[in-house]
Structures are given as C-alpha cells and as structure tokens.
Protein chains: 2
Amino acid sequence: MNLKEFAGILGLSPTTVSRALGGYPEVSEETRRKVTEAAISHGYRPNRRAASLATGRAMAIGHVIPTTLNHEMVNPVFADFVAGAGEIYSRQNYDLILSVVADGDEARAYRGLAQAGNVDGLIVHGPRSDDRRFDILRDIGLPYVVHGRLPGHQTGYSFVDIDNLRAFRKATDLLLDLGHRRIALLNGHLMMDFARRRRDGFASAMAGRGIPVDPALLFFGEMSEANGHRAARDMLTLREPPTAFLVSSLIMAIGVRRAIHEAGLRMGADVSVVTHDDVLGYLGNGEDRPIFTATRSSVRAAGRRCAEILLARIAQPGLAPAQEIWECDLVQGASTGPAPDNRGPSP
Amino acid sequence: MNLKEFAGILGLSPTTVSRALGGYPEVSEETRRKVTEAAISHGYRPNRRAASLATGRAMAIGHVIPTTLNHEMVNPVFADFVAGAGEIYSRQNYDLILSVVADGDEARAYRGLAQAGNVDGLIVHGPRSDDRRFDILRDIGLPYVVHGRLPGHQTGYSFVDIDNLRAFRKATDLLLDLGHRRIALLNGHLMMDFARRRRDGFASAMAGRGIPVDPALLFFGEMSEANGHRAARDMLTLREPPTAFLVSSLIMAIGVRRAIHEAGLRMGADVSVVTHDDVLGYLGNGEDRPIFTATRSSVRAAGRRCAEILLARIAQPGLAPAQEIWECDLVQGASTGPAPDNRGPSP
DNA sequence: TTGACTTGTCAAAGCGGTTTGGATGCGACC
DNA sequence: GGTCGCATCCAAACCGCTTTGACAAGTCAA
C-alpha cells in the first residue's frame, strides 16, 4: 500500500494525505481525522525510505559497538546503554542502527554509515587513549555524542561521562580510611580512556597518603569474571597479598569474590572489595543492602541522556556542545571493612 | 556527493557507474577498476535510502527486543545474540535495526517496521507460551526466524532453538544419579516457552524415578542474580532444604552460589548446582575447569545461525523453513557432587 | 460587483539511486 | 558493401514520499 493508492481510496490527493499525516496546518481537522483513521484501519504507513529520501533526514542513529580483538566478547554494558538510548529514539520515531565491528574498525563503520546517508547522527562508544576518531568524526560532519571522553580534546564535541577519576579517588580514600595499605587495582585495558582515568584517581589517592603503588597489585585487561578471578587469585598468593581490591566492573568483582572464597577468606572481613557498578538490570548489586561497596552510575541513564543530547543537536544544529560529567554515588555495601591487623614482616 | 556528480567527475553516465559498482557484467573491467578506485578516493558510496527505494529491498533486518514489564531489565543474552547476528549481516551488507520495546509490545513494533518498509526480515526473540505473534507475523508477510519456538506451531516457520527439555532432563538425571532427591528448580517466567520446556524436562526426569516435585522448591521469575540469591536463600532455610539446585541461567546461578556461601555451605559438597550456560563473553564459566556443571549452548552462535537462515530465506523466498534444534553440551564442573547422607527426619 | 484574502486541495518537481530499452562503435562475416 | 553480433555506454522511467507553487472556492470589506 503506497501513498498514491491510499489517497485514491480516500478520494484525496497524495499531497493532502501526506500533510494530514504530517500534522501540517494546511489541512482541515475534519480531513485530518478521516485520514488518520483510515491510515490505521488500512494499515498504511509512509515508506520510511522514501520519506527519508525526500526529506534528506535518515531518521536513524548509528551505534557502532566494538567486540574485543578476539571477536568473542561484547561488553554487557552496551545492552543497557542501547536500551536506554532506544527508549528515547522510539519516542521521537527514530530508528537505531547497530553495527557490530571488530575493535579498532569503528572509524570505517562511521564512514560507511555516514557516506551511505543512512544515519543522522552517531553515538561513539568506548573512547580509547590513543583515539584517532575525533578527526575522522569531524570530517564526516555528522552530529555525534560520545559516551565517555575523547582524550586530548576538551571542547568542540558533546559527551556524557562519569567522573571516573574522582570516583576512584574517593573509593581509594574509603579503603585507605579503613586502614588498608596494600590495595590492588583490577581495571580495564589501559588503552581505554575510562580505565586510565580510574587508574589516575587511584594513584592520586595513594600518592596523597604517600603510599607507593605496587605494580604487582595492578591488573589491566578485559573486565571479565574469569580475569577478575585469576588476577585476584594470583595476587592473594603473593608473599604480601593485598587486603583490599578496587575493581572496575561488577562482573569482574564477582570473579574476585570467587577467588577470595576459594582462598578461604571472607569478603568484607579478611579482604575488602570496592567495585564500580553500572547498575545493569540482571546483575543487581544486592537488594536492600548492597553486596559490594561500589561507585555507582547507571549506564542505562547515560544511554538515555546521550540519545537526548544527540536528537537535540540534530534538531538544532547550532546548539553548543553538551558536556556532562556525572558524579558517581558511593554506596556502602557488605564487602568492605577495616584492614586486618598488619602482622606482616616487621621493619 | 551523489551519483550524478560522481559520474560527472569520471566523465561517465550514472548508469555505467551504478553498474560498475554493482558488479554487473555490462561494463568493461577497465572501467570498473577506474570507478571503484575513484569511489574510494572520493569517498562516494551509493545512498542507502535511494538504493532501497529503487530496488525495493530495505537491506536491513529488524530485531525487536523486549524489556521487562518494569522497563528496567534487558536480558544480557541479547547482546551476545545480536553480536552474532551482526557479524553475518555486515558480511552481506545488511543493516541491523534494533527496536527496544516494552514486553508484550513486540507485535506493534513488527507491524511498524514492516508497514514502513524499512526491514526485509525479522528476528523474533523470546517466544512465550501464549504467543499470538505467529498470526501477526503471517499476515505481515515478511520472512522471519524465531530464536526459540512459537508454542503450538510445529511447522511453517523457521527457528533455531536448543533442546531445552532434553537438556534439563539430562541435568536432572545427573543430579538424581548423584543421589539427590530434593532438587530445586530456579527457572525463568513460566510464560516463556523455554522455561516451560525446561520445567517439563525437569519434571519428566523426576517422574521417571517416581520422585514427587515439591512446589516449595520451584521458582519462576526474572533470571537475575538477586532472584537467584533470594530464592536459594529462602529454600535453604526450609525444614527440608534442597540438596541441589537446577538453575536456568548462569547469572542466577551466581546468586545461588552467594546464598550457599552465606548459609555457610560449600557448593559442590554440601549443595550441588547445575545451571544452563549461554556462554556469554564476559561471564565465562571458569577457565580450564568449569565452575558450574552446566548445560551449555552458545547464544552467540545461535545469533549467527538465525541471521544466516534469515538472509538465505530473503534471497530465496521459496526455501522450505529451516528448523534447527541444537543439543546442549553437558559439562562437568566443580559445582556438583554426591548428595550428602540423608539424615533427614526418619520415617 | 469586485478585489483581496483565506482555506483546503492539488499537480508536479524533486530526493538519489536502479534498471529497462535503446544507441553507438567496431570488427567480422557473407 | 551491407548486415550482424558484441561490447560499452547512455537517456529516461521508475521507486514512494515530501514540498513548492498554483488554483478553486469561499469569505469579507470596499
């Protein structure tokens, strides 16, 4: 069923029907009512492609999400982020086009989507420390919003990020205040911008108390359950094991908890854990009382906000870039407690 | 840059350029080479919308994924499934259009995508026991592939499913063979088709040994960590607690494990756990030795396969429906062991 | 009655491709 | 030399919508 046929059934011209459905004022309310009713009963809906072609607006947003180099992992935060963004898009009748590409191939995907004219804007995921995407995005010329920040570029683009540095400094301070001195950091790949900022937050808190960071207590890599487990297990067998872990994702923290239990230790008593919590739906951090003490910020809310900003910028291209840095909540859970008495090797 | 301009630069007609890029034989190899090279250097790519309009093929597949009723959860298996499907689409130059809708609103979303002509096919997620989607999909008339099965309809559509019934029967038998008699089932909502089949597999194995199913040892609901924890915790405080848990998702099993530890029990010794494992990237089930004994099938592979089937059916509409039921692996992990001696209330 | 102004509707020109049905040029064959 | 076949290339007609500019009918003031 196309516009011409549908207009024919109604005894109106395509122009009038299009205007009626588009909400333009040049058509009487009476006619509009008849048209909209008929559209529903006949199941007529304007062809998206044709409408896009005519208006020049694709009515779609591109999300390019990277898998890891081995192609095997998709960060679970994407599901929640995309769900949040999708809520906003559907409200404004935008489509969401998802490209899953190998890590590092995002730029090519952006170009493809843009040159083929099938998106009006882009969401940029997972900015990295050496990211070259900024230049590419600029010469693509499409509006975009970054989830996180493109390092080395302060201005000229929109982003929504959490204050990773501050969150991890506060988390570290919390552990230091509890008397912990040997604190391990289990973090994402250092090439990821967020991981670098978290590392810096951790390091600055440690430096603030004059405590050196032991490289043996640092892990950077995929934030999987398995990696959390392995790193924690190995560190716990060190001659001077950590008394606390600062972890970058709840999934990884679950691996840490497993390692702690396997070592016959009690989380929150013998060993403390603080983690970052993205508030993923299926992976809640306990119910009334949080399991893990955590820095917390909803990635789904971030998805919603990124989408809102992007759509606003598409509607009003002159808008100044929106840059939001969200504070994380620091929630007390059952995974932290005072450092056990330090009976380590005396000086 | 549009076709006419680009052809102008090359001193060729739009027709020839289109044919050269489209791989048609009516153009000399020499010309084709020049055109493809120029396309890359000038960054020309045919407008997706215009091409779709002209060919009548949208070159896109729609995935409609439901959130839970409270809008707060997105099943993490979607991320892996979609990533698998996305691999196949990008290889064949298809786009993936994602709609996130409230649970139960999928049919409306299918209609919308189809009537607006912006997809050539649909992937149907999460079929439910009372599912009305079959009829709707039929009168939409677009090719589709179901991940799972539409209950009550044996034929006439394509699907990829795992043998849920058999997997859970085997898992139950394994526990029964270890001497367990009080086995709890922690499952998804019974309205989900897969949950019903798993329940049936469990029930048939129990019935096979003449062991009654205790309703107090059944949980059906969202398969979240929190629910797994709560259900297991409550059951473990019963006068006759279960000695084994059969669980429908790894995330839920993690909650069960937490409850077991909190009760001061050892998983694999005091209490056994068997779970289903979708092999999600970030949530591996241990490394060399699986943590959980599990029925296992990769949801990412299922995504790939569904996409392949769908694209094949789009290319050759006459094809008979493909119906695949995959066997799950049953892997031995550290979470199962012989039932502890039954010193319960003597007769 | 006439002209200006609304109001509601329409015909037709795009949007940027693909594809049909030629047109052109050139060598080969009879 | 005329005709045919083949290899290349092109003009123009779509695809289904939006939107510009025009038009008929009705309203109102002069």
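Every heavy atom of this structure was used, including side-chain atoms; hydrogens, water molecules and symmetry mates were not. Below, chain A is the first sequence line, B the second, and so on; all start at residue 1.
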What is the separation between atom [atom1] on [X] and atom [atom2] on [N], rounded to the nearest whole Å?
{"X": "A:Arg33", "N": "C:dG8", "atom1": "CZ", "atom2": "C1'", "answer": "16 Å"}
{"X": "A:Asn118", "N": "C:dG17", "atom1": "CG", "atom2": "C1'", "answer": "14 Å"}
{"X": "A:Leu21", "N": "C:dT9", "atom1": "CG", "atom2": "P", "answer": "13 Å"}
{"X": "B:Glu26", "N": "D:dT8", "atom1": "CD", "atom2": "P", "answer": "11 Å"}
{"X": "B:Lys34", "N": "D:dT8", "atom1": "NZ", "atom2": "P", "answer": "12 Å"}

message = Return a single string for nucleotides 12-19 of chain D, one symbol per nucleotide in 5' to 3' order, where B is base contact, S is sugar-phosphate-only contact and - is none, cutoff 4.0 angstrom on heavy atoms.
response = B--BBBBB
Nearest non-hydrogen partners of [X] and [Y], listed with the distance:
{"X": "A:Leu3", "Y": "A:Val17", "result": "CD1-CG1, 3.6 Å"}
{"X": "B:Arg300", "Y": "A:Thr67", "result": "NH2-CG2, 3.9 Å"}
{"X": "B:Tyr89", "Y": "B:His63", "result": "OH-NE2, 2.9 Å"}

query = At under 4.0 Å between heavy atoms, what does B:Thr31 touch on the DNA or RNA strands: base, sugar-phosphate, or nothing?
reply = sugar-phosphate
message = Strictly below 4.0 Å, N to O, side chains only: are B:Glu37 and B:Arg33 in salt-bridge contact?
response = yes
inquiry  = Tell me if a side-chain donor or acceptor on B:Arg313 pairs with a main-chain N or O of B:Tyr144 at a distance below 3.5 Å.
reply    = no
query = Which of these passes side chain to side chain contact (heavy atoms under 4.5 Å, CB included) with B:Leu96: B:Ile88, B:Val82, B:Ile61, B:Val119?
reply = B:Val82
